[in-house]
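In this chain, residues are counted from 1 in sequence order.
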Amino acid sequence: MAYADLDEARKHHAALKLILGRCGGDAADLRALVRVIELCRGASEAVEDEYCREKMRVVMEFAAELLAHGDHRKWSRDAVSGVDFLRQQIMNALELLHSRLYSLELMRRAAAQRTPSGLEALQPRG
């Protein structure tokens, strides 16, 4: 059973990982930032889930810091550069989104087996 909204969010997720994985972060890249914002909004609108929206908000905020300007020193942590810190925060949020989409699909499949349209899954096999 396919879920169009989850599939759509997964497409946005994959594109975000591709774009943000390629960004060097050494200089502003406003074209990439605009695309990231479009993809985050698309993923947020695809799935009616507050948790997913929150993760996309986090990605947008950190991506804005990463892509809008080249000075990332304020984000440096101990031995981790500001660019690496921002990229890690973005990738963490994307991983959490991926996990949430997987969980939503599992919950939907379980609910479908309990509904009248899924009764054939509950009938004894003979």
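Contact detail for Glu8 and Ala46: the closest heavy-atom pair is CG-CB, 3.8 Å. Annotation for Cys40 and Met60: closest pair CB-CG, 3.4 Å, computed over non-hydrogen atoms. Across every non-hydrogen atom of Ala9 and Val47, the tightest pair is CB-CG2, 3.6 Å. The minimum heavy-atom distance between Arg100 and Asp49, with the atom names listed, is NH2-OD1, 2.7 Å. Nearest approach of Arg108 to Leu6, heavy atoms of both residues: NH1-CG, 3.6 Å. For the pair Gly82 and Ser76, the tightest heavy-atom approach, listed with the atom from each and the gap, is N-OG, 3.3 Å.
Between Leu39 and the options Val34, Leu16, Leu18, a side-chain contact (heavy atoms from CB on, under 4.5 Å) holds for only Leu16. Evaluated for a side-chain contact (heavy atoms from CB on, under 4.5 Å) with Leu67, the options Ile19, Leu33, Ile37 yield exactly one hit, Leu33.
In this structure, OG in Ser103 is found 10.5 Å from CG in Leu96, a value given to the nearest 0.5 Å. Interatomic distance, CG of Leu94 versus NE2 of His98, reported as 10.5 Å (0.5 Å rounding). From Glu50, atom CD reaches atom CZ of Arg53 across 5.5 Å, with rounding to the nearest 0.5 Å. With rounding to the nearest 0.5 angstrom, the CG atom of Leu97 is 12.5 Å from the CG atom of Asn92. Arg109 CZ to Leu104 CG: the interatomic distance, rounded to the nearest 0.5 Å, is 12.5 Å.
Within a 6.0 Å radius of CZ in Arg77, more than 12 heavy atoms belonging to other residues, nucleotides or ligands are found.
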Problem - Test log, rule side-chain contact (heavy atoms from CB on, under 4.5 Å), inputs Arg10 and Leu101 - result: CA-CA 8 Å; Arg10 286 182 177 118; Leu101 295 173; 3.8 Å; yes
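Under the 30°/60° scheme for interplanar angles, the aromatic rings of Phe85 and Trp75 are found to lie parallel.
Salt bridge absent: Arg41 and Glu45 never bring a charged side-chain N and a carboxylate O closer than 4.0 Å. Using a 4.0 Å cut-off between a side-chain N of Lys or Arg and a carboxylate O of Asp or Glu, Arg87 and Glu65 do not qualify as a salt bridge.
Side-chain contact annotation: Gln88 with Asp84, donor-acceptor N/O pair under 3.5 Å absent.
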